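First the structure, in the form of structure tokens, and then the observations on it.
Being a predicted model, the structure only gives us computed values, none of them experimental. Order of the sequence lines fixes the chain letters, A, B, ..., with proteins taken first and strands second; residue numbering starts at 1 for each chain.
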Amino acid sequence: MPATLSLRSSAYRPISASAVGVSDESHRVESVIHRAAKSLDRSVALNGAFHEVIADLSEVAEECRESDWDGYGAMPLQNEAAVKAEQFLYALPTWVKTPEVVPEADGSVALIWDAGRRRIFSVSLQSDPRVTYALLDGTSKAHGVEYFDGRSVPESLLESIRRVTR
Amino acid sequence: MSFLVSGLPFEVAEEETLARFVLVSKYRSQPEPGRWRVKPPAFIPDPHDDLSVSRVGGLPDSELETYGRPVAETQGKPLYGAALVNAALVRSLNLEIEADEGPPRHANILRWPQETDPKEQKARRQLIATELADAARYLPIEDSN
């Protein structure tokens with residue numbers, strides 16, 4: 001079993017503060033370990049969701065590789081678009097909730113954060129570094145084009161994700 | 001007022017409901033039981049310049065499958081559901097709706113933004129599609145897939 005699993009907070013039961021013979025230093029160590037274990041739990045959960053979204057991307061690439069996959073004349077999904085989407089996903093900071101992967105009829109891949117009514121942000125990726133985005137956030141909305149170099153997600157896009165998922 | 005073969009008036013009224021039939025599973029999600037969301041790419045017209053819809057105003061939900069099924073069968077795709085939007089909303093986004101009956105009740109949503117920069121055009125269409133998807137009511141037609 002991987003060592004990390006043994007640190008999960010559910011497996012770690014804090015010692016009661018009233019326990020006899022436990023020093024203040026022990027309590028501080030205990031507290032640090034407990035916080036670390038809870039943090040690790042979040043990482044494990046995010047990791048699972050991340051693997052799911054990567055699997056979704058593979059599935060979408062496979063299902064949409066022929067033209068007319070949507071029944072309305074869609075273009076085949078570009079393999080380069082799927083690669084760019086994967087790079088984008090890997091470049092996201094760990095605090096970002098995983099998006100939904102949705103194919104687009106022009107051969108692009110959309111990554112969508114849909115947090116409910118008037119709280120949607122989408123990024124559309126093709127083979128080239130210019131990505132398009134659209135944002136609905138309450139009464140405000142925005143759209144535009146940003147540059148993604150394959151490694152670093154532009155701060156403006158992260159801010160939009162933060163706005164809809166906060 | 002002129003009427004079409006379906007009996008509908010040629011002019012699409014503000015209060016009419018338009019259905020975009022969903023033939024791709026990834027175009028909808030169910031964030032919680034009983035609540036569905038349709039995704040913006042379902043409303044992007046690419047690679048065409050217009051979006052094919054059906055005029056379903058006045059029809060009960062149970063009859064929508066009657067119109068969606070032929071669309072799906074013609075294309076050899078499963079029918080997952082219908083994303084329903086109001087004609088007034090479509091026009092509020094500076095789009096137009098034009099009846100186009102070959103198939104009964106068929107119409108097109110026209111006048112999507114055109115830009116010399118294809119990326120700028122995509123971004124503008126993406127935002128409009130997001131507005132439509134956000135306001136749409138998604139009706140699943142899953143039981144007969």
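- Here the closest non-hydrogen pair linking B:V24 and A:D70 is CG2-CA, 3.5 Å.
- Under a hydrophobic-cluster definition in which Ile, Leu, Val, Met, Phe, Trp and Tyr are linked whenever side-chain heavy atoms come within less than 4.5 Å, directly or via other members, A:V53 and A:W95 are assigned to the same cluster.
- Criterion: ILVMFWY side-chain heavy atoms under 4.5 Å apart, direct or through other members. Under it, B:L84 and B:L59 are part of a common hydrophobic cluster.
- The cluster map of Ile, Leu, Val, Met, Phe, Trp and Tyr, joined by side-chain heavy atoms under 4.5 Å apart, puts B:L4 and B:I109 in different clusters.
- Among A:R119, A:R118, A:M75, the residue with the largest count of heavy-atom pairs under 4.5 Å with chain B is A:R118.
- Remark: A:R166 CZ is packed, more than 12 non-hydrogen atoms of other residues, nucleotides or ligands lying under 6.0 Å away.
- Between B:R37 and A:I120, some side-chain heavy-atom pair lies under the 4.5 Å cut-off.
- With a 4.5 Å cut-off on side-chain heavy atoms, A:E104 and B:D46 do not count as touching.
- Counting heavy-atom neighbours within 6.0 Å of B:R111 CZ, excluding the residue itself, gives a total of 12 or less.
- Within the 4.5 angstrom heavy-atom criterion, only backbone atoms of A:V101 (N, CA, C, O) approach chain B.
- Considering only heavy atoms from C-beta on, A:Y72 comes within 4.5 Å of B:V71 through its side chain.
- Proximity to chain A (any heavy atom under 4.5 Å) is shown, for B:R124, by both the backbone and the side chain.
- Across every non-hydrogen atom of A:S122 and B:Q126, the tightest pair is OG-NE2, 3.0 Å.
- The two residues B:A123 and A:G144 have their closest heavy-atom pair at CB-O, 3.4 Å.
- Looking at A:A74, only its backbone comes within 4.5 Å of chain B, counting heavy atoms on both sides.
- The shortest heavy-atom contact between B:L127 and A:L136 is CD1-CD2, 4.2 Å.
- Between chain A and the residues B:H48, B:R35, B:K77, the most heavy-atom pairs under 4.5 angstrom are made by B:K77.
- Residue A:V109 does not touch chain B at all, counting heavy-atom pairs closer than 4.5 Å.
- In A:E155, the CD atom is crowded: over 12 heavy atoms of neighbouring residues, nucleotides or ligands sit closer than 6.0 Å.
- When the candidates B:P41, B:A129, B:A135 are compared by the number of heavy-atom contacts under 4.5 Å with chain A, B:P41 comes out ahead.
- Separation of atoms NE2 (A:H143) and NZ (B:K122) is listed at 13.0 Å; rounding is to 0.5 Å.
- Heavy atoms from other residues, nucleotides or ligands lying under 6.0 Å from CD of B:E11 number 12 at most.
- Cluster annotation: A:V83 is not connected to A:L77 through the hydrophobic network of ILVMFWY side chains, with a link wherever side-chain heavy atoms come within less than 4.5 Å.
- Atom CD of residue B:Q75 and atom CG of residue A:D68 lie 5.5 Å apart, to the nearest 0.5 angstrom.
- Closest of all the heavy-atom pairs between B:D134 and A:G116 is OD1-O, 3.9 Å.
- Nearest heavy-atom pair across A:R130 and B:D117 is NH2-OD2, 2.9 Å.
- Heavy atoms closer than 4.5 Å to chain A are found in both the backbone and the side chain of B:K119.
- Two residues are said to be in side-chain contact when any heavy atoms from C-beta on lie closer than 4.5 Å; B:K26 and A:C64 fail this criterion.
- In the hydrophobic clustering of ILVMFWY residues, with side-chain heavy atoms under 4.5 Å counting as a link, B:I97 and B:L8 come out apart.
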